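Read through the structure below, which is laid out as structure tokens, and then see the notes.
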Amino acid sequence: MDTHLMLGNEAVARGAWEAGVQVAAAYPGTPSTEIVTDLAKYDGVYAEWSTNEKMAYEVAFGAAVGGVRALTAMKSAGAGVAADPLISSVYTGICGGLVIIVAGDPGMSGGMTEQDDRYFGRISGMPMLEPADSQECHDFARLAFELSETYDLPVMVRLSIQTAHQKSIVRVGERVAVARKDAGRHTDKYCLLPRFSRPLHASLLERIAGLREYAEASPLTRVEPGTGAFARVGVISSGAAYISAKEALPGAILKAGAA
Amino acid sequence: MSGEHYANGGVDDIMVVGVGGQGVIVAAAIIADTVLLHGGLRVKLSETRGMSQRGGSVHSHIRIGTTVVAPSISPGEVDYVLAFEAAEGLRLAPSVVPGGVAIVNTQQIVPPLASSTESSYPFDAIDRMRDGSLHVTVVDGNAIAAAVDDVKVAGVVLVGALSAHLPFAAETWLEAIARNVPASWLQMNVAAFAAGRSVGSGERGAA
């Protein structure tokens with residue numbers, strides 16, 4: 001078994017590379033920086049530092065509209081900078097898979113604010129995966145590309161510094177060859193004038209409903225029974241909070257991997 | 001701690017702390033690789049290094065055991081603190097369990113802001129650490145490293161001092177060091193590790 005001790009960010013990069021990502025663009029910011037610096041080391045990936053997070057988002061979105069799998073990564077404040085294309089792109093959808101990593105910094109070891117980035121998912125309708133450890137960083141990054149193409153929208157992988165800068169063992173896989181898709185010419189899909197946007201919003205609500213069904217039935221959502229005196233205590237958690245809950249008490253945990 | 005400690009469900013919680021550029025992240029990688037090369041144990045790490053490139057503090061959590069859930073250590077549960085910088089050691093002291101071990105480098109790095117604001121640098125950091133319940137080993141890592149070869153390997157001197165407290169063979173440590181330093185620097189790192197390990201062993205014998 002090919003296992004490595006990996007930073008959460010390194011595991012995200014590895015999972016994205018295995019998923020066939022060809023374009024990675026970011027503006028550096030703690031705790032997201034290592035994702036694109038690491039992706040730059042892999043073969044078959046164009047990686048760049050863009051002028052800011054909005055530019056990075058548009059580089060990745062452009063690549064995805066053009067038919068290849070693309071990724072952008074940013075810290076919390078960067079998601080605010082990129083908010084315009086971030087929200088619009090959920091309406092238009094993509095062609096090649098597009099994955100957005102947003103890494104927050106509860107505790108502010110290097111960040112500017114302690115903000116709950118999950119609201120970017122709520123504002124935009126973008127589905128969000130929340131890994132808890134490095135293995136899930138790898139697996140969820142890989143899965144995010146599949147979901148992005150299946151449901152025709154960008155998918156966010158939300159990290160916090162507790163997941164991005166932890167190191168734990170990751171079982172890695174091989175890169176899959178993903179051919180560039182035919183982008184075609186779809187004015188009604190990519191032109192957000194009201195007469196196109198209204199049907200796109202309706203379509204987005206249908207895509208979200210499909211994703212909700214998927215998330216509830218998939219292994220992303222699981223219940224772990226509690227033991228001993230805590231068997232009757234239940235905790236609902238996701239991401240890094242799942243690890244903290246598991247460390248703190250042997251109660252039952254509903255772990256939500258997607259939101 | 002002995003290997004039995006782990007077999008009985010014990011977890012060793014180690015914090016490596018210092019200032020950006022001192023080699024804290026590499027030291028943590030050496031410790032983690034030693035555990036993996038030893039085999040049969042889990043190791044998880046967590047790093048806080050946000051402002052490290054601007055001379056800020058870098059803290060690396062390392063947890064070793066047969067079962068490890070969280071990658072970071074709860075405050076007050078640190079078993080070993082390996083401080084590359086004296087004030088960073090003092091900062092961590094309240095997080096160490098009573099009777100825990102602190103291995104502290106004598107180096108003091110005064111941040112530029114400490115002289116211009118209301119905060120001041122604790123030049124008595126090591127004395128204050130000794131006032132508590134900790135077993136403190138003071139290591140002049142820079143002088144030992146300079147005597148061995150170069151002050152740059154001070155971090156590995158400190159890793160050597162810590163190694164005396166953990167149940168892993170010297171050869172395993174050396175293999176882990178080889179994985180984490182450039183080949184052309186291996187010899188001086190091996191010498192630095194040996195010098196640090198003998199300091200750690202001596203203090204441990206005395207304690």
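Chain letters run A, B, ... following the sequence lines, proteins first and then strands; every chain starts at 1. Keep in mind the model is a prediction, meaning the values are calculated, not measured.
Within 6.0 Å of the CD atom in A/E114, the count of heavy atoms belonging to other residues, nucleotides or ligands exceeds 12. Annotation for A/I236: atom CD1 does not count as buried by contact number, only 12 or fewer foreign heavy atoms lying within 6.0 Å.
Contact of the B/R42 side chain with the A/I169 side chain is not registered, since no non-hydrogen atoms from C-beta on lie closer than 4.5 Å. Using a 4.5 Å heavy-atom cutoff, the side chains of A/I243 and B/P71 are in contact.
For residues 214-242 of chain A, the side chain to side chain donor-acceptor pair (under 3.5 Å) pairs, not counting sequence neighbours, are A/E130-A/S238, A/R222-A/E224, A/R222-A/Y242, A/E224-A/Y242, A/E224-A/K246.
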For a quick test of your reading: what N or O donor-acceptor pairs under 3.5 Å do the side chains of residues 173-180 of chain B make, sequence neighbours left out?
{"from": "B/W173", "atom 1": "NE1", "to": "B/F168", "atom 2": "O", "distance (Å)": "3.4"}
{"from": "B/N180", "atom 1": "ND2", "to": "B/D33", "atom 2": "OD2", "distance (Å)": "2.9"}
{"from": "B/N180", "atom 1": "ND2", "to": "B/A176", "atom 2": "O", "distance (Å)": "2.9"}

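With sequence neighbours excluded, the residues satisfying side chain to side chain donor-acceptor pair (under 3.5 Å) with A/Q135 are A/D139.
Contacts from residues 45-56 of chain A to chain B, taken as heavy-atom pairs separated by less than 4.5 Å, involve no residues at all.
Among B/L36, B/L45, B/V69, the residue making the largest number of heavy-atom pairs under 4.5 Å with chain A is B/L45. Of the listed residues (A/T163, A/L5, A/D105, A/T33), the greatest number of heavy-atom pairs within a distance under 4.5 Å of chain B belongs to A/L5.
Expressed to the nearest 0.5 Å, how far CD of A/Q162 lies from OG of B/S46 amounts to 7.0 Å. Note that NZ of A/K167 is 7.0 Å distant from CD1 of B/I25, once rounded to the nearest 0.5 Å.
Between the side chain of A/E247 and the main chain of B/A70, a donor-acceptor pair closer than 3.5 Å is present.
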